[in-house]
There are 2 protein chains.
Amino acid sequence: MKNLTKRQTEIFNYIKDEIESNGYPPTRSEISKTFGFKSPNAAEDHLKALKKKGVLDLAAGTSRGITLSNQSSGIPVIGLVSAGGPILAEENIEKTIPNNPGILSHGVDFYLKVKGDSMVDVGIFENDLIAINKNIPVKTGSIVVARINDEVTVKTLTKISDSQVILRPENSSYSDINVNPKKDNLVFEGTCVGLLRDFS
Amino acid sequence: MKNLTKRQTEIFNYIKDEIESNGYPPTRSEISKTFGFKSPNAAEDHLKALKKKGVLDLAAGTSRGITLSNQSSGIPVIGLVSAGGPILAEENIEKTIPNNPGILSHGVDFYLKVKGDSMVDVGIFENDLIAINKNIPVKTGSIVVARINDEVTVKTLTKISDSQVILRPENSSYSDINVNPKKDNLVFEGTCVGLLRDFS
DNA sequence: ATAAATACTGTATATAATTACAGTTATGAA
DNA sequence: TTCATAACTGTAATTATATACAGTATTTAT
C-alpha cells in the first residue's frame, strides 16, 4: 500500500468491507456518517487522496462509482523469492489475483507458486499456488513457509522447540531438514491454508 | 435458476456482468440504455420481477442498491450425486461458494467434491474440490467428469472414438475403464479446469 | 374464456448523490 | 518561514437515481 495515512487506511478498509458485504460501494454521506464527518466533503477529500495514491478509482458523475484498483484489491502471487528482504517485496510479486473471500476458511495474505516436488505426497505439485496466512501461529502438523538463511521452503513442521526445528518434505525421496534456530536464521513466513491449481 | 424468462435471464446476466466488470451494479437507466428501453420503468419492472423470483435483492431508496442473492451469485458444490437426474439437481448441491472470476483461466459451472483416491498421482485427493466447466469440449488428455450408467466418476480421458472410450485412473493400483458408448450410457458432465483445497 | 404475468412506453417527482467553492486547524518538509 | 499535505466544517447547486402512476399489447397459465 502506497504510504496511506492511518485515517486513509481506515477509510480504505471501510470501503473494501462495504463492497464485500453489500455488493456495492458506499456513498460520500455513508462514509461521513460512519466516521462522524459533519460534511460529505470530508469523504470527498479522502476519496480524492486515495485516488491520488492509486488505491482506488472514481467514476465521475456516477453514484457509488468507487472501484478498488487492481493493486489494492488483488492478492499477490509470489514466484521466486530473491534472497534477503521481505517475501512480499515488490520484486517478488509475479502478479496479483482477485481476492476470493468465503472460499477458504482462513484469510489469505499471499499465494506462493510451488517449486519442485518435495510435497507431492500431500498433493502439492510444482506450479500449484498455495494460499498463505501470515498470522496463524505455526504449529506441528501444519504445512508452513519457512525461510532458512534467506532460502524459502515449503514443508510440514513436525517438531518445534528452542533448540530444534524439524521440517519434513512430503516425498519419500527427501530427508527431514533439521534446523537449530539458535545457529541458523529461521523465520516462518506463514501457514498454508489452501491450494489452488489451474488446469489451462 | 427459478424459471426466469429469456428476457429476465438476459437482464440478470447483464447485471451480473456489470458488477463483475465495474465493481458496482448498474442503475435503472443504464439497464434501459443497454437494452434499448425508452423508459427507466421497464428496468424497474424487470428488477421487481427478478426480486420476486428471488435471484436478487433491492435496497429501497438506494442508488445501485442491487445485490445478487446467495443462490444466484454462488457456485454450487456437488457432493454425492444421486443416481439419475441432472448432476446440478438441487438435491446434489451441498452448498454454494462465492464466484471467483479471474482466478482460474476458464469459467466454473460447479465444483465437485472428490471421493476416493483414484486420481492421487495427479495430485487430486479425497475431499478436494475440482472446478468443472460444462461447455469445454472434452478431449484426450483432459481430466473429465463422466457419468457411466448413472455413476459419476472423475478420470483422465485417454481415448475417445465412436466405439471406445478409455478413462484412466491416475493411480497405479487401478486399471483403465473401457466404455463402449454404443452399449453403455456415457455422458460427459464437464472438464476439470481447476482444483481447490482448503486446509482447515 | 379470463385473469395474471410479461414486456414494455411515457411522464413526473422526490430525494439521493456528486462535487465545487470557501474556509479552519494542525503537522511536517523545504 | 513558508508551503504542501492532511483532515476536516459548512453551504449549495447540479445532476443522478429510484420509483410511483397510468397506460398498451402480448403471452401464458387456469
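Both backbone and side-chain heavy atoms feed into the values below; hydrogens, waters and symmetry mates do not. To find a chain, count down the sequence lines: A is the first, B the second, and so on, and within it residues start at 1.
Regarding B/F35, its CZ atom lies at a distance of 13 Å from the P atom of C/dT9, rounded to whole Å. Taking atom CG of A/N3 as the reference point, atom P of D/dT5 lies 14 Å away to the nearest angstrom. C/dC8 atom P lies 12 Å from atom CG of B/L50, rounded to whole Å. Residue B/L58 contributes atom CG, which lies 10 Å from atom P of D/dA18 at whole-angstrom precision. Here the C1' atom of nucleotide C/dT18 and the NZ atom of A/K51 are 13 Å apart, to the nearest Å. B/I31 has its CD1 atom 14 Å from the C1' atom of C/dC8, to the nearest Å. Computed from coordinates, the A/E44 CD to D/dT11 C1' distance equals 15 Å when rounded to whole Å. One can place CG of A/L4 at 14 Å from C1' of D/dT5, the figure rounded to the nearest angstrom.
The residues B/E20 and B/K16 are annotated as not salt-bridged, no charged nitrogen and carboxylate oxygen being separated by less than 4.0 angstrom. Ion pairing between a basic and an acidic side chain is recognised when a charged N comes within 4.0 Å of a carboxylate O; A/E10 and A/R7 show such pairing.
Closest contact between the side chain of A/T62 and the listed nucleotides C/dT19, C/dT9, D/dT17 involves D/dT17. Closest to the side chain of B/H46, out of D/dA6, D/dT9, C/dC8, is C/dC8. Nearest to the side chain of B/S63, among C/dA17, C/dT19, C/dT11, sits C/dA17. Of all nucleotides listed (C/dT9, D/dA18, D/dA7), D/dA7 comes nearest to the side chain of A/R7.
Using a 4.0 Å heavy-atom distance criterion, A/S39 is classed as a base contact. Counting non-hydrogen atoms under 4.0 angstrom, B/S29 reaches nothing in the nucleic acid. B/R28 comes within 4.0 angstrom of a base, heavy atoms only. Among the heavy atoms of the strands lying under 4.0 Å from A/K48 are primed sugar atoms or P, OP1, OP2 only; no base atom is included.
Both A/K38 and A/A49 sit near DNA chain D, but only A/A49 has its closest nucleotide nearer the 5' end. Along DNA chain C, the nucleotide closest to B/F37 and the one closest to A/E30 are compared, and the more 5′ of them pairs with B/F37.
Side-chain contact check for B/D198 and B/S200: no donor-acceptor pair (N or O, by modelled atom type) lies under 3.5 Å. A donor-acceptor contact closer than 3.5 angstrom is absent between the side chains of B/S39 and B/N41.
Within 6.0 Å of atom CG in B/D162, 12 or fewer heavy atoms from other residues, nucleotides or ligands are found, so the atom counts as exposed in its surroundings.
Proximity of A/Q8 to the phosphate of D/dT5: no side-chain N or O atom is located under 4.0 Å from OP1 or OP2. For B/K53, a side-chain nitrogen or oxygen approaches OP1 or OP2 of C/dT6 to under 4.0 Å. Look at B/R64 and you won't find any side-chain N or O under 4.0 angstrom from OP1 or OP2 of C/dA16. Taking side-chain N and O atoms only, A/T5 has a distance below 4.0 Å to OP1 or OP2 of D/dA7.
Side-chain rings of B/F35 and B/H46 stay apart, their centers remaining 6.0 Å or farther from each other.
Evaluation of atom-type donor-acceptor distances gives a pair under 3.5 Å for the side chain of B/N41 against the base of C/dT9.
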